[in-house]
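This report concerns only the one structure given below.
A, B, ... follow the sequence lines: proteins, then strands. Residue 1 opens every chain.
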Amino acid sequence: MILASWNVNSIRARQERLAAWLDKVRPDVACLQELKVVDEAFPHASLEALGYHAATFGQKTYNGVAVLSRTKITRTIRGLGDDDPQARFLAVDVDKLHVLCAYVPNGQEVGSDKWAYKLAWMERLRAFLDAHYSPEDRLVLCGDFNVARDDLDVARPDDWVGSVLCHDDARQRFQAILDWGLVDVFRRQHPGGGLYSWWDYRMLGFPRNHGLRIDYVLATESVAKKCVAAKIDRDERKGEKPSDHAPVVVEFVA
DNA sequence: ATGGCATAATTGTTATGA
């Protein structure tokens, strides 16, 4: 089974690239973030034509998450179960797997209101896991976490010391999510680091490979132990009109 | 200290991202 996570940075701007990529990779499940579109304008028809069911939790202009699946989606939970108006979380069941798709807030600047919201949001995500699932479940939590876990996940760590992507307080919230009972399956496959999922559009970030790994596939151990391959599809950061994020693609055996 | 690039709201400029 192939599972992917990709922050597309507008599904409408990325529609052609997304379709070509789905056709090439044929993931069984794909978690998408930053749709920047309301549910009514989500491109269901073109994705159906490619063989995908879709669950969406969209929003005008900002945020928005979706899960695509080649098999039927049997349950959908939109949001973390509170009155937060930002569309950043979607959980579905597909086959015998819980699939959770998250777009963690960026936080803008340490000390800002958005920063406080980011930390609180990550705590709410951990609480949601506690309330709804067991670490014994077959579960994956994928998405853009807007946190580089370790300096191994940062090309130029000195540039990012204390920033919203690398701050200890954010890393602690991330670790609390892992400590619930999740494995960073990409890290397990590539313990040496030095592989990135996001590069700034500016300052020749991608040609210089000044990247960070902030997109993740996390899995409970029963799923993680079936992982046979994990990669970041750097080719998707090349060419015309790329997202600033590349997809993370993970393969599991039966 | 700032912008640098991209997107979506709109058509000149702002909010946001990471």
Practice item. Would you kindly give the CG-to-C1' distance between A/Asp144 and B/dT16, to the nearest whole Å? Key: 14 Å
Review point. How is A/His245 classified with respect to the nucleic acid when contacts are heavy atoms under 4.0 Å: base, sugar-phosphate, or nothing?
Key: sugar-phosphate
Check your understanding: Would A/Arg171 and A/Asp151 pass as an ion pair if we require N to O under 4.0 Å?
Key -> yes
**Study point:** Phosphate-side-chain proximity, A/Lys36 and B/dG17, N/O vs OP1/OP2 below 4.0 Å
**Key:** no
Exercise for review: Please work out if A/Asn146 contacts a base, only the sugar-phosphate, or nothing of the nucleic acid, heavy-atom cut-off 4.0 Å.
Suggested key: sugar-phosphate
Exercise for review: Verify the contact: side-chain N or O of A/Arg213 to OP1 or OP2 of B/dA18, cut-off strictly under 4.0 Å; return yes or no.
Suggested key: no
Review point. Mind checking whether A/Phe174 and A/Phe145 have parallel, tilted or perpendicular rings, split at 30° and 60°?
Key: tilted
Exercise for review: Assert yes or no for the condition that the ring centre distance of A/His245 to A/Trp199 is strictly below 6.0 Å.
Suggested key: no
Check your understanding: For the pair made of CD1 in A/Ile214 and P in B/dG17, what is the distance, rounded to whole Å?
Key -> 12 Å
Review point. Below 4.0 angstrom from OP1 or OP2 of B/dA9, is there any side-chain N or O of A/Lys60?
Key: no
Check your understanding: Just how far, in rounded Å, is P of B/dT7 from CZ of A/Arg202?
Key -> 13 Å
Review point. Is any side-chain N of the basic residue among A/Asp158 and A/Arg156 closer than 4.0 Å to the acidic one's carboxylate O?
Key: no
Exercise for review: Run the salt-bridge test on A/Asp130 and A/Arg126 with the 4.0 Å N-O cut-off and return the result as yes or no.
Suggested key: yes
Exercise for review: Look at A/Tyr62 and B/dT14 and indicate whether a side-chain polar atom (N or O) is within less than 4.0 Å of OP1 or OP2.
Suggested key: no
Revision key, fill the gap. Whole-Å distance, A/Asn9 CG to B/dA6 C1', equals 6 Å
Practice item. May I ask you to say what A/Phe145 touches in the nucleic acid, namely base, sugar-phosphate or nothing, with a heavy-atom cut-off under 4.0 Å? Key: nothing
Revision key, fill the gap. Closest to the side chain of A/Lys241, out of B/dG17, B/dA9, B/dT7, is B/dT7
Review point. So what does A/Leu212 hit on the nucleic acid, given a heavy-atom distance under 4.0 Å: a base, only sugar-phosphate, or nothing?
Key: nothing
Review point. Under the side chain to side chain donor-acceptor pair (under 3.5 Å) criterion, do A/Asp144 and A/Tyr216 qualify, and how do the steps go?
Key: CA-CA 7 Å; A/Asp144 175 0; A/Tyr216 297 84; over 6 Å; no
Exercise for review: Just call it for A/Asn7: base, sugar-phosphate, or nothing, with non-hydrogen atoms closer than 4.0 Å on any strand.
Suggested key: sugar-phosphate
**Study point:** d(CD, A/Gln108; C1', B/dA18) in whole Å
**Key:** 10 Å
Practice item. Taking atom P in both B/dT2 and B/dT11, compute the distance separating them and give it to the nearest angstrom. Key: 28 Å
Practice item. Give a yes/no answer on whether the side chain of A/Arg14 brings an N or O atom under 4.0 Å of OP1 or OP2 in B/dT7. Key: yes
Practice item. Look at the side chain of A/Ser10 and decide which nucleotide, out of B/dG17, B/dA18, B/dA8, has an atom nearest to it. Key: B/dA8
Exercise for review: Quote, to the nearest angstrom, the C1' distance that separates B/dT13 from B/dA1.
Suggested key: 22 Å
Revision key, fill the gap. Atom CZ of A/Arg208 and atom P of B/dC5 are separated, to the nearest Å, by 12 Å
Exercise for review: Rounded to the nearest angstrom, tell me the gap between atom CH2 in A/Trp115 and atom C1' in B/dT16.
Suggested key: 17 Å
**Study point:** Pairwise 5' ranking along DNA chain B for A/Thr61 and A/Arg88, keeping only the more 5' one
**Key:** A/Thr61
Check your understanding: What does A/Asp215 touch in the nucleic acid at a heavy-atom separation under 4.0 angstrom: a base, only the sugar-phosphate, or nothing?
Key -> nothing
Review point. How close or far is atom C1' of B/dA6 from atom CG of A/Leu204, stated in whole angstroms?
Key: 15 Å
